[in-house]
Colleague: 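I'd like to ask you about the structure that follows.
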Amino acid sequence: MSFSLLSYFTLGLLLALGATTASTDVDWWESATLYHIYPRSFMDSDGDGVGDLNGITSRLEFLKELGVTATWLSPIFESPMADMGYDVANFTKIDPLFGTMEDFDAMLAKGHKLGLKIILDFVPNHSSDECEWFQKSIRREDGYDDFYIWQDGKIDPETGNRTEPNNWSSVFQGSAWTWVEERQQYYLHQFLAKQPDFNYRNPKVRQTMLDVMKFWLDRGVDAFRIDAAPYFVEKMFDNGTFPDEPVFDPSISPDPSDFRLYTMNQPENAELLYEWRSFLDEYQSVHGGDTRAQIIEAYTSIEYLSEYITNGTHIGGQLPMNFNFVHLQSSSTAKDIEEAANNWMDVMWTRHKVANWDASNHDNSRLATRMGSQRVDTMTMIMHSLPGTSITYYGEEIGMPDGQSECTPQSTTCDFREPERTPMQWDTSKNAGFSTANSTWLPVNEDYKSLNVQIQRGVARSSLQITKGMIALKKTAAFKAFKEDGGFSYAALSEQVFQVVRTAVGREEYRVLANLGNQIESFEGLTNKTMEYVLLNSYSPHNYGDKVDLSKRIILMPYEGIVLRWSA
């Protein structure tokens with residue numbers, strides 16, 4: 001039997017032994033593995049150089065192979081693509097770039113047949129300026145006059161010139177107000193000028209967005225990832241005007257969001273999430289099936305994220321996304337990881353028993369680039385062993401780095417986020433197996449011939465095998481018991497070594513040890529148990545099935561990551 005097959009036989013055996021019932025009050029989203037697909041970059045089925053729905057469908061078996069619970073798709077709706085689909089022109093149509101509604105239904109059906117849930121990006125803060133609703137609002141058509149946020153602006157008393165209603169700035173730089181000559185008013189856009197903000201003080205807007213949710217639920221969508229939650233509603237005076245923001249002063253804080261007192265984090269944002277939660281729960285009670293969850297994107301403080309779940313009397317989204325790990329860098333240590341984990345757990349776990357871990361995504365540099373390729377596997381072990389839900393951005397399972405790009409945040413000709421959006425690296429063939437086109441929408445990473453799914457499938461300790469092994473462990477009794485007393489613990493054992501312990505008390509225990517540093521580390525007396533090596537990265541000198549007495553000394557090589565198992 002080959003070494004690779006032997007390792008999987010061992011892992012399969014331990015999973016069979018460990019996959020017993022633990023805690024019974026865990027919903028599907030609470031300990032899930034979510035796989036984030038950027039549709040443009042996952043798989044191209046028609047040779048135009050851009051990923052599409054049929055491409056995703058053709059690769060769903062790969063997600064099943066990984067063992068993930070669900071896949072979340074970045075926007076696939078009809079759009080002029082000013083912000084790569086986050087400027088939605090029609091919320092209930094598929095953009096032709098990605099295919100047809102029939103293609104979507106086929107993808108959904110196949111996903112469900114494979115036991116995968118499908119999560120759609122829901123973009124409720126704004127539409128495209130090419131959306132029919134906005135065009136009707138410009139014309140002040142009945143029912144759409146105040147569908148968006150319109151203001152007259154001010155007249156400068158000295159010059160007589162018209163100026164913006166106030167000093168609000170867009171998240172994407174420049175004024176948050178744009179003049180429309182036809183309507184003779186300004187409209188608000190928290191992001192691009194081509195992304196006008198909805199007016200959620202209008203009941204018709206609220207009902208319309210519920211109708212959008214229902215449309216996709218009726219097609220079989222399992223959950224929604226809610227985009228840009230801190231920006232839904234802005235502070236407005238009783239007379240219908242808006243206050244100025246404090247002027248950004250980097251000497252006080254380098255973070256512009258600290259000066260967004262009236263355009264971020266208003267209490268009405270959480271109220272919308274409560275409203276949508278009530279709607280989704282009612283939908284489930286009528287139609288049956290599993291929980292239709294809200295996964296909430298919000299780069300904001302932990303206190304606001306906590307409010308998104310509940311204010312004590314109302315309940316909202318299930319899973320505000322935890323972005324603490326996207327800030328880790330090559331200089332980050334195990335102590336930094338512990339601090340980032342505690343920042344979340346001390347509030348969100350203590351109050352709500354909710355946790356999730358996300359180290360990279362379509363808006364943030366990839367893990368291999370930020371922390372170094374030698375730390376990818378140890379971070380994978382840490383992320384998937386911490387309690388709660390883990391989120392894998394496509395390509396992270398093989399340790400893809402950022403692609404090459406000369407774009408900057410100030411660029412107007414390209415998107416500075418392109419490096420983390422390069423095509424998926426499937427194999428050694430043309431365009432890494434992503435597309436048969438002569439060119440792809442973004443260049444394929446130059447390292448694809450040595451770094452791809454095909455090669456890593458045949459390597460016992462590749463990043464792909466580490467990811468698959470960690471996801472498989474979530475089915476064990478010890479990992480399922482995370483909500484039980486004593487179900488988990490984690491800590492930085494030294495400046496560079498992080499440990500996670502997962503326990504079904506008295507029955508089974510897993511211990512993850514991850515050395516993030518370039519020095520040999522040793523520890524004595526970690527526990528009185530003798531444990532077996534069941535998952536090892538390429539830096540480990542051990543073999544599967546080796547034993548270690550943790551009442552004595554254990555040695556970790558530089559960048560070594562291991563998973564140990566004990567059972568009664």
Side-chain angles (χ1 to χ4, degrees), residues 83 86-87 123-127 129 134 137 145-157 162-180 183 185-203 205-206 209 226-276 296-309 311 314 316-317 320-321 323 363 409:
D83 188 23
Y86 284 94
D87 50 319
V123 188
N125 180 71
H126 50 260
S127 74
D129 64 343
F134 186 67
S137 194
D145 186 9
D146 61 348
F147 208 80
Y148 297 81
I149 297 173
W150 296 95
Q151 287 281 291
D152 290 333
K154 298 177 180 178
I155 301 298
D156 188 312
R162 181 181 60 244
T163 62
E164 288 89 349
N166 64 12
N167 70 346
W168 289 356
S169 61
S170 161
V171 174
F172 288 169
Q173 301 180 342
S175 174
W177 299 97
T178 291
W179 176 258
V180 175
R183 179 165 165 136
Q185 280 189 311
Y186 290 92
Y187 68 87
L188 176 71
H189 50 90
Q190 290 264 40
F191 297 94
L192 296 177
K194 288 188 69 64
Q195 295 170 296
D197 275 39
F198 290 124
N199 175 18
Y200 275 102
R201 292 183 172 86
N202 182 344
V205 173
R206 299 168 88 108
M209 299 316 287
I226 311 294
D227 183 63
Y231 300 96
F232 295 156
V233 180
E234 297 73 33
K235 173 69 175 178
M236 186 176 73
F237 291 133
D238 290 341
N239 66 359
T241 63
F242 298 100
D244 281 339
E245 298 270 33
V247 176
F248 172 59
D249 184 348
S251 68
I252 298 175
S253 171
D255 185 357
S257 67
D258 289 338
F259 300 86
R260 292 184 174 276
L261 302 186
Y262 306 118
T263 55
M264 280 185 71
N265 300 321
Q266 302 306 300
E268 293 90 346
N269 295 339
E271 292 171 9
L272 278 171
L273 294 168
Y274 304 154
E275 184 175 314
W276 295 337
I296 305 162
E297 184 217 31
Y299 291 86
T300 190
S301 76
I302 196 81
E303 291 299 325
Y304 288 111
L305 297 181
S306 180
E307 284 284 311
Y308 292 164
I309 294 175
N311 62 359
H314 296 83
M321 297 180 77
F323 295 125
D363 288 329

Colleague: Check the pair Trp276 / Ile226 against side chain to side chain contact (heavy atoms under 4.5 Å, CB included), numbers first and verdict last.
Modeller: CA-CA 10 Å; Trp276 295 337; Ile226 311 294; 3.9 Å; yes
Colleague: With side-chain hydrogen bond (donor to acceptor under 3.5 Å, both in side chains) as the test, pick out the partner of Asp83 among His126, Gln195, Lys194.
Modeller: Gln195
Colleague: Check step by step if ring-ring contact (aromatic ring centres under 6.0 Å, His included) holds for Phe191 and Tyr86.
Modeller: CA-CA 10 Å; Phe191 297 94; Tyr86 284 94; 9.2 Å; no
Colleague: Would you confirm whether the ring centroid of Phe242 sits within less than 6.0 angstrom of the ring centroid of Phe237?
Modeller: no
Colleague: What salt bridge (charged side-chain N to carboxylate O under 4.0 Å, His left out) pairs are there with at least one residue in residues 238-263, not counting sequence neighbours?
Modeller: none
Colleague: Should Tyr200 and Asn269 be marked as a side chain to side chain contact (heavy atoms under 4.5 Å, CB included) after you check the CA-CA gap, both sets of side-chain angles, and the distance that decides it?
Modeller: CA-CA 9 Å; Tyr200 275 102; Asn269 295 339; over 6 Å; no
Colleague: Could you measure the distance from the CZ atom of Phe147 to the CG atom of Asp145? Nearest 0.5 Å is fine.
Modeller: 12.0 Å
Colleague: Rounded to the nearest 0.5 Å, what separates atom OG1 in Thr163 from atom CH2 in Trp177?
Modeller: 11.5 Å
Colleague: May I have the step-by-step check of side chain to side chain contact (heavy atoms under 4.5 Å, CB included) for Asp87 and Leu192, ending in yes or no?
Modeller: CA-CA 9 Å; Asp87 50 319; Leu192 296 177; over 6 Å; no
Colleague: What pair of heavy atoms forms the shortest contact from Ser127 to Phe198, and how long is it?
Modeller: CB-CZ, 3.6 Å
Colleague: Enter the distance from Asn199:CG to Leu188:CG here, rounded to the nearest 0.5 Å.
Modeller: 10.0 Å
Colleague: So how far is it from Leu272 CG to Met209 CE, rounded to the nearest 0.5 Å?
Modeller: 10.0 Å
Colleague: Please verify the inter-ring angle class for Phe259 with Phe248; under 30° counts as parallel, over 60° as perpendicular, anything in between as tilted.
Modeller: perpendicular
Colleague: Can you give me the closest heavy-atom contact between Gln266 and Leu261, atom names plus distance?
Modeller: NE2-O, 2.9 Å
Colleague: Going by distance alone, is a donor N or O of one side chain under 3.5 Å from an acceptor N or O of the other, for Gln190 and Asn125?
Modeller: no
Colleague: Are Glu271 and Val233 close enough, and set up right, to give a side chain to side chain contact (heavy atoms under 4.5 Å, CB included), and what steps lead you there?
Modeller: CA-CA 10 Å; Glu271 292 171 9; Val233 180; over 6 Å; no
Colleague: Report yes or no: does Glu297 contribute a side-chain atom to a donor-acceptor pair with the main-chain N or O of Ala228 at less than 3.5 Å?
Modeller: yes
Colleague: How long is the span from the CG atom in Asp146 to the OG atom in Ser137, to the nearest 0.5 Å?
Modeller: 7.5 Å
Colleague: Distance from Glu164 atom CD to Thr178 atom OG1, nearest 0.5 Å?
Modeller: 8.5 Å
Colleague: Please enumerate all residues that pass ring pair (Phe, Tyr, Trp, His ring centres under 6.0 Å) together with Tyr187, with sequence neighbours excluded.
Modeller: Phe134, Trp150, His189
